[in-house]
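Working notes, structure below.
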2 protein chains.
Amino acid sequence: MATEVFTHLPEEHDHKLTAEFARDHLPSEEELFDLAELFKVFSDSTRVRIMCALSQTEMCVYDLVELLGASQSAISHQLRLLRTSRLVRSRRVGKHIFYSLDDDHVSSIIRTGLEHLRHTKGEHDHE
Amino acid sequence: MATEVFTHLPEEHDHKLTAEFARDHLPSEEELFDLAELFKVFSDSTRVRIMCALSQTEMCVYDLVELLGASQSAISHQLRLLRTSRLVRSRRVGKHIFYSLDDDHVSSIIRTGLEHLRHTKGEHDHE
DNA sequence: TGAACATATGAATAACTGTTCATATGTTAT
DNA sequence: ATAACATATGAACAGTTATTCATATGTTCA
């Protein structure tokens, strides 16, 4: 009379139906590809640090070299990537080229990411 | 051969000062590293598609295989990564193992990313 | 029990990515 | 024009990563 335990349920789970449902509610394949490309830019610690720094203040290349302790070449290469991804813009002042964020979404994405980290850090501290 | 090098005239822009300023206002090196690690998970189109699908509905592995047209092995490998990153969780029902998002921040990050894409897409359509 | 199904996993590989090194381009002052 | 400075860039190399293949584990059903 107690609860009867079903060791197996005859649930018919329809893959094709579920897949179809999800497909109808998903962004286009192309958009999801672009999205991954966007996050790829955020997926390197040198680049995140650059973006984070630029969210504080405009900086020239050598400032970033000083700040991050990376080689001038490395920074320059990463800045090019950020430039072609339209996440930063640059303006020349004499010998210097100053970089700044091109878009408010950049810091927004970084902020959300940090929020997530801090949140889950508090949740499961152990392990 | 200690050549006496004249350090050039003071410029209007001080690298060390700017770097110092930014350093004081930056998250810790460790946190920025973790942040990059987090975004790394979002930086593959297969994984983004998985997460996006799971933000709609719980799905089992084969649903995802159907939906994404990738091999069962590939999906499984990516799910493991998502699992160990604590971005998805799983529960077993008979033969199936159902996956779902483990955290609201996941869809939040995806949403912000998509927002950025759509925004900038509209801004500069040309080139 | 064995057969069929659902998922996981280790190893191998091909493709990609970030850094370094060497060098080039562009700018300013002498 | 030359030197010194600031930045950019191509090539090469080492390290990483996503997929595939083969196989293993776990579950249900006859």
Side-chain angles (χ1 to χ4, degrees), chain A residues 5-16 18-19 33 36-37 39-50 58-85 88-99, chain B residues 3-16 18-19 33 36-37 39-50 58-85 88-99:
Chain A
V5 180
F6 295 94
T7 48
H8 64 280
L9 297 171
E11 34 84 19
E12 313 277 324
H13 178 71
D14 190 329
H15 301 304
K16 286 210 163 65
T18 312
F33 181 83
E37 290 299 302
F39 286 129
K40 205 165 283 179
V41 183
F42 289 78
S43 75
D44 173 74
S45 100
T46 302
R47 284 191 299 268
V48 180
R49 288 161 80 210
I50 290 177
E58 191 184 50
M59 295 181 92
C60 77
V61 179
Y62 202 73
D63 293 338
L64 291 164
V65 172
E66 273 288 326
L67 175 62
L68 306 183
S71 78
Q72 179 268 316
S73 184
I75 298 287
S76 224
H77 278 296
Q78 299 298 7
L79 281 173
R80 177 167 54 162
L81 212 164
L82 291 171
R83 231 166 41 225
T84 59
S85 306
V88 308
R89 62 164 164 267
S90 60
R91 70 185 180 98
R92 168 152 240 148
V93 176
K95 285 187 279 189
H96 295 105
I97 297 185
F98 285 91
Y99 283 86
Chain B
T3 29
E4 188 132 332
V5 182
F6 246 42
T7 27
H8 38 296
L9 298 170
E11 302 148 15
E12 24 158 323
H13 181 69
D14 189 330
H15 300 306
K16 286 210 163 68
T18 313
F33 182 83
E37 289 300 301
F39 285 131
K40 206 166 280 179
V41 184
F42 289 79
S43 75
D44 174 74
S45 101
T46 301
R47 284 192 298 267
V48 179
R49 287 160 81 209
I50 290 177
E58 192 184 49
M59 296 179 91
C60 76
V61 178
Y62 202 75
D63 293 337
L64 291 164
V65 172
E66 274 288 324
L67 174 62
L68 306 183
S71 78
Q72 179 268 319
S73 183
I75 297 286
S76 225
H77 278 296
Q78 300 297 6
L79 280 173
R80 177 168 52 162
L81 212 164
L82 291 171
R83 230 167 40 225
T84 60
S85 307
V88 308
R89 62 164 165 268
S90 61
R91 69 184 181 100
R92 167 154 241 148
V93 177
K95 285 187 282 190
H96 295 105
I97 296 184
F98 286 90
Y99 282 86

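Order of the sequence lines fixes the chain letters, A, B, ..., with proteins taken first and strands second; residue numbering starts at 1 for each chain. These numbers were taken from a predicted model, which means no experiment stands behind them.
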At under 4.0 Å, does any side-chain N or O of [X] touch on OP1 or OP2 of [N]?
X	N	value
A:Thr46	C:dT19	yes
B:Arg83	C:dA8	yes
B:Arg47	D:dA18	yes
A:Tyr62	D:dA8	no
A:Ser71	C:dT19	no

Spacing between [X] atom [atom1] and [N] atom [atom2], to the nearest angstrom:
X	N	atom1	atom2	value
A:Arg92	D:dA8	CZ	P	8 Å
A:His96	D:dC5	NE2	C1'	8 Å
B:Asp44	D:dT16	CG	P	18 Å
B:Leu81	D:dA18	CG	P	7 Å
A:Arg89	D:dT7	CZ	C1'	20 Å
B:His77	C:dA14	NE2	P	17 Å
B:Gln78	C:dG10	CD	C1'	16 Å
A:Leu79	C:dT19	CG	C1'	14 Å

> Going by heavy atoms in the side chains, are B:Tyr99 and B:Arg83 under 4.5 Å from each other?
Replying inline: yes
>> Quick check: do B:His77 and B:Leu81 have side-chain heavy atoms less than 4.5 Å from each other?
In response: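 No. Closest side-chain heavy atoms not under 4.5 Å.
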>> Over all strands shown, is A:Gln72 touching base, sugar-phosphate only, or nothing at heavy-atom distances under 4.0 angstrom?
In response: base
Where the side chain of [X] is concerned, which of [options] is the nearest nucleotide?
X	options	value
B:Ser73	D:dT28, C:dG10, D:dA8	C:dG10
B:Tyr99	D:dA18, D:dT20, C:dA8	C:dA8
B:Lys40	C:dA8, D:dA8, D:dT17	D:dT17
B:Ile97	D:dA8, C:dG18, C:dT7	C:dT7
B:Arg80	C:dT27, C:dG10, C:dA8	C:dG10

> Mapping A:Ser43 and B:Ala74 onto DNA chain C by nearest heavy atom, which one lands closer to the 5' end?
Replying inline: B:Ala74
>> Among A:Ile75, A:Val41, A:Leu79, A:Val88, exactly one meets side chain to side chain contact (heavy atoms under 4.5 Å, CB included) together with A:Arg47. Which residue is that?
In response: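 Result for side chain to side chain contact (heavy atoms under 4.5 Å, CB included) with A:Arg47: A:Val41.
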>> Looking at every heavy atom in both A:Gln72 and A:Val65, which two are closest together, and how far apart are they?
In response: CA-CG2, 3.7 Å
> With under 30° as parallel and over 60° as perpendicular, where do the rings of A:Phe39 and A:Phe42 fit, or are they tilted in between?
Replying inline: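 Because their plane-to-plane angle is over 60°, the rings of A:Phe39 and A:Phe42 count as perpendicular.
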